[in-house]
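So the structure is just underneath, and the comments pick up after that.
It should be emphasised that the depicted structure is a prediction, and the values quoted were computed from it without experimental measurement. In the text below, chain A, chain B and the rest are named by the order of the sequence lines, each starting its count at 1.
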Number of protein chains: 2
Amino acid sequence: MIRRKKPPTISHVAQQAKVSIATVSRVLNGTTPVDDKTAKRVRAAINKLNFVPRHAARVLAGKRTHTIGLLLPEISGAFFQPMLKGIEAGAHDAGYDLLIHSTQIHDPSHRPLGEHNTDGLLVFTNSLDDQELARWHRIKFPVVLLHQTPPDSLNIPVITIENKNGAAMLINHLIEIHGKRRIVFLRGPEGHEDSVWRARGYREALEIHKIKFDHSLIASGGFDDEEAFITIQQMLTNGIDFDAVFAGDDDAAIGAIRALRMAGRVIPGDVAVVGFDDIPFARYLSPALTTVRAPIEEVGREAVRQLARLMNGEQAEALTLMRTELVIRESCGCAPASTISNPLQDELISSTRR
Amino acid sequence: MIRRKKPPTISHVAQQAKVSIATVSRVLNGTTPVDDKTAKRVRAAINKLNFVPRHAARVLAGKRTHTIGLLLPEISGAFFQPMLKGIEAGAHDAGYDLLIHSTQIHDPSHRPLGEHNTDGLLVFTNSLDDQELARWHRIKFPVVLLHQTPPDSLNIPVITIENKNGAAMLINHLIEIHGKRRIVFLRGPEGHEDSVWRARGYREALEIHKIKFDHSLIASGGFDDEEAFITIQQMLTNGIDFDAVFAGDDDAAIGAIRALRMAGRVIPGDVAVVGFDDIPFARYLSPALTTVRAPIEEVGREAVRQLARLMNGEQAEALTLMRTELVIRESCGCAPASTISNPLQDELISSTRR
DNA sequence: TACAATCATGAAAGCGCTTTCATAAAAACA
DNA sequence: TGTTTTTATGAAAGCGCTTTCATGATTGTA
């Protein structure tokens with residue numbers, strides 16, 4: 001064990017300033033007016049002793065932890081950087097600390113985050129079982145979901161993006177502008193809701209254009225570079241015929257492109273490839289990736305904003321759908337450049353069931 | 001404020017199990033043997049009441065928070081994803097929670113992280129003033145630095161990578177294999193130590209080959225795509241003559257390439273461009289980026305490992321230098337593929353002054 | 001000048017745990 | 001069977017704060 005000098009406590013400060021601990025607490029929190037002179041004395045004492053209130057004691061005495069928790073399945077893929085950035089910034093703005101837990105090893109008995117150490121929780125898709133979610137809902141513990149609708153139609157706020165619409169825009173473009181008919185769709189990880197909605201967008205776009213849905217064109221890309229690579233290689237080996245790939249997300253698009261190249265296919269000449277998310281690198285791929293821009297960072301910020309409302313006892317939006325926009329670049333077969341946004345949508349569409 | 005049913009406390013459990021709270025605490029922590037039958041009763045009560053100990057109370061009563069803090073300047077750039085992943089995983093393995101704070105707004109009076117709410121701290125370069133660091137050192141609070149040597153030669157453990165060597169390998173390659181003589185170096189952000197060491201590697205490599213150092217070839221890239229883009233554009237406008245660019249890091253390399261392309265230069269034909277870090281996308285750029293692989297995720301893991309030793313009262317390595325390796329791809333002018341590691345180094349070089 | 005109203009401050013009661021110390025019950029020994 | 005050792009458990013004292021309640025000092029009003 002470490003032996004270090006005991007840090008000063010509030011009573012040391014009180015002694016030094018010749019006041020009671022109650023008064024120190026008051027100048028610390030500004031809860032009750034304190035005479036200017038005494039306040040000055042107290043502040044001097046705090047500085048002199050280099051006093052920092054112990055977090056645990058405050059939390060225990062008061063009611064709030066001033067901390068929000070973030071539950072993630074894992075930190076990987078280019079997707080998480082902007083999301084984390086947005087959440088961190090949002091937490092900072094709202095005056096909360098951020099406790100992060102990635103639940104790679106899901107041990108239900110050891111609950112790392114919850115009402116005992118946070119004031120509220122941000123839960124990313126796939127990181128938790130519905131039962132725990134239901135429990136929190138029951139005890140009215142503030143929770144906001146990211147990219148995941150609540151189970152059993154519990155009334156838990158959700159922030160997500162226009163996945164279906166985005167995917168449909170992409171597929172429409174592929175069909176209408178480039179005359180593609182056999183478009184592969186690479187699913188995301190099991191249970192990942194973004195993937196489900198993107199699949200729906202895909203199917204709807206096909207239906208509109210009277211293209212028959214073909215099961216053999218659907219496979220798993222895992223929203224992951226490596227997995228997509230392997231999957232596309234297999235499809236190629238199996239002689240499946242296709243003229244375009246909607247990779248599920250940008251990471252998977254990268255893997256798909258790699259596999260296609262390795263097999264000698266030209267992109268977009270032989271096969272068009274499109275992604276989803278518009279990660280920062282999408283534009284630097286060659287050919288530059290046609291994709292859908294998801295306002296990932298803004299999702300994070302907005303999620304914290306909604307959570308803050310919940311934590312203040314206010315109502316939060318049941319559903320916040322962030323707008324996505326088509327980003328046409330080269331990998332679909334278009335000539336370089338230009339960003340086309342979707343004119344049918346508003347900046348933020350809330351409380352509307354998809 | 002939110003009104004929710006009060007969560008069960010240890011005394012509710014005690015009542016339910018017909019034991020004292022001391023006994024409940026004992027089965028909770030396994031500190032003292034408890035009779036099997038009673039233990040079973042207690043566990044049943046815990047389950048029935050859905051009891052989770054309140055973190056704040058444990059911390060206040062015991063001495064440890066079971067939390068480590070991470071101090072970052074900001075979460076941006078492709079660099080942070082693997083680093084965070086490594087740190088999160090390391091913390092998880094060591095049984096600690098992770099509290100993240102990015103100090104974009106540096107308010108010295110409000111100390112978000114410290115001895116009052118964590119057992120130890122990971123501090124990334126550029127995120128803190130030396131004074132605070134010195135204070136922690138004085139009170140023997142466990143701190144490990146990432147990519148930054150301690151000020152005033154305080155004895156604080158450091159984890160970083162072989163920056164100088166990596167940069168030198170890169171420049172040597174450019175000179176020896178590709179005959180480059182006028183190599184631009186793009187510095188990182190002010191005060192970023194990685195940048196300082198890379199600059200030294202750059203200069204040493206020049207010296208070895210008797211190439212005179214030219215001030216006009218040094219400029220700021222900020223380890224940032226956009227900043228590098230602007231800088232290179234300016235150098236081009238100013239008519240500065242160069243045949244290669246060492247961009248400081250991979251993000252900056254991307255910006256540099258973009259600026260060069262826009263000016264009609266061919267890469268690597270007219271100008272070779274190399275980066276540093278080997279972020280996941282480096283290989284997918286075109287031309288594929290020649291760079292130095294930094295084991296970023298492993299740095300994060302190792303940092304937590306060292307911090308854990310400190311927190312357990314053990315000694316930690318004063319300096320852990322993680323090995324870097326040259327990754328030759330196309331942007332330097334080489335033909336595709338092949339990874340050349342540096343045979344002069346061991347897996348991990350520790351406690352050796354650079 | 002007398003009394004009420006206002007204000008600044010202190011005393012003390014928790015918040016929910018861990019841990020020490022004491023004690024009753026059980027086991028071991030003679 | 002009586003005495004000592006061991007084991008399981010409870011009572012109670014904090015840990016360092018916030019907050020309520022009471023009180024003495026100050027100001028205002030007539």
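- If you check the side chains of A:His101 and B:Asp97, you find a donor sitting under 3.5 Å from an acceptor.
- Dashed line: the shortest gap from a side-chain N or O of A:Ser25 to OP1 or OP2 of D:dT18 is under 4.0 Å.
- Residue B:Arg58 has its side chain nearest to C:dT18 when only C:dG10, C:dT18, C:dG14 are considered.
- One interatomic measurement links the two molecules: CD1 of A:Ile10 to P of C:dA11, which rounds to 14 Å at whole-angstrom precision.
- Across D:dA12, C:dC17, C:dT9, the shortest atom-to-atom separation from the side chain of B:Ala22 is found for D:dA12.
- Counting only heavy atoms from C-beta on, A:Ala57 has its side chain closest to D:dC17 among D:dT9, C:dT9, D:dC17.
- Mapping A:Ala61 and B:Ala39 onto DNA chain D by nearest heavy atom places B:Ala39 at the nucleotide closer to the 5' end.
- Evaluated for a salt bridge (charged side-chain N to carboxylate O under 4.0 Å, His left out) with A:Glu115, the options A:Arg138, A:Arg64, A:Lys140, A:Arg135 yield exactly one hit, A:Arg135.
- Counting to the nearest Å, the C1' atom of C:dT18 and the NE2 atom of B:His66 are 11 Å from each other.
- Within 4.0 Å of A:Thr23, counting heavy atoms only, lie sugar-phosphate atoms of the nucleic acid but no base atom.
- Between the CD atom of A:Glu115 and the C1' atom of C:dC15 there is a distance of 16 Å, rounded to whole Å.
- Of the listed nucleotides (D:dT18, D:dA8, C:dT19), D:dT18 has the atom at the smallest distance from the side chain of A:Ile21.
- Nearest to the side chain of A:Arg26, among D:dC15, C:dG10, D:dT9, sits C:dG10.
- Aromatic ring centroids of B:Phe79 and B:Phe223 lie 6.0 Å or more apart.
- Atom CD1 in A:Ile46 sits about 10 Å away from atom P in D:dC17, given to the nearest Å.
- Atom CG in A:Asp35 sits roughly 19 Å away from atom P in C:dT6 (whole-Å rounding).
- Across all strands, A:Thr9 comes closer than 4.0 Å only to sugar-phosphate atoms, never to a base (heavy-atom distances).
- For the pair A:Arg64 CZ and D:dC17 P, the interatomic distance rounds to 20 Å; values are reported in whole Å.
- Of all nucleotides listed (D:dA11, D:dC17, C:dT18), C:dT18 comes nearest to the side chain of B:Asn29.
- Proximity note for A:Leu60 (side chain, C-beta onward) versus D:dT9, C:dC15, C:dC17: the nearest is C:dC15.
- Here the side chain of A:Phe51 is nearest to one of C:dT18, D:dT18, D:dC17, namely D:dC17.
- Straight-line distance from the CG atom of A:Asp36 to the P atom of D:dT26: 16 Å, rounded to whole Å.
- Using a 4.0 Å heavy-atom distance criterion, B:Val19 is classed as a sugar-phosphate-only contact.
- Each of D:dC17, D:dT9, C:dT19 was ranked by its minimum atom distance to the side chain of B:Thr31; first place goes to C:dT19.
- Under the side-chain contact (heavy atoms from CB on, under 4.5 Å) rule, A:Leu145 has a single partner from A:Leu133, A:Thr160, A:Leu154, A:Ile159, which is A:Leu133.
- The pair B:Glu298-B:Arg301 does not count as a salt bridge, with every side-chain nitrogen at least 4.0 angstrom from each carboxylate oxygen.
- In this structure, A:Asp93 does not pair ionically with A:Arg305, as no charged nitrogen and carboxylate oxygen lie closer than 4.0 Å.
- Taking atom CZ on B:Arg54 and atom P on D:dC17, their separation rounds to 16 Å, with Å as the unit.
- If you check every strand for non-hydrogen atoms under 4.0 Å, A:Val24 touches nothing.
- For B:Thr38, the listed nucleotide lying nearest its side chain is D:dT9; candidates were D:dT9, C:dC17, D:dG16.
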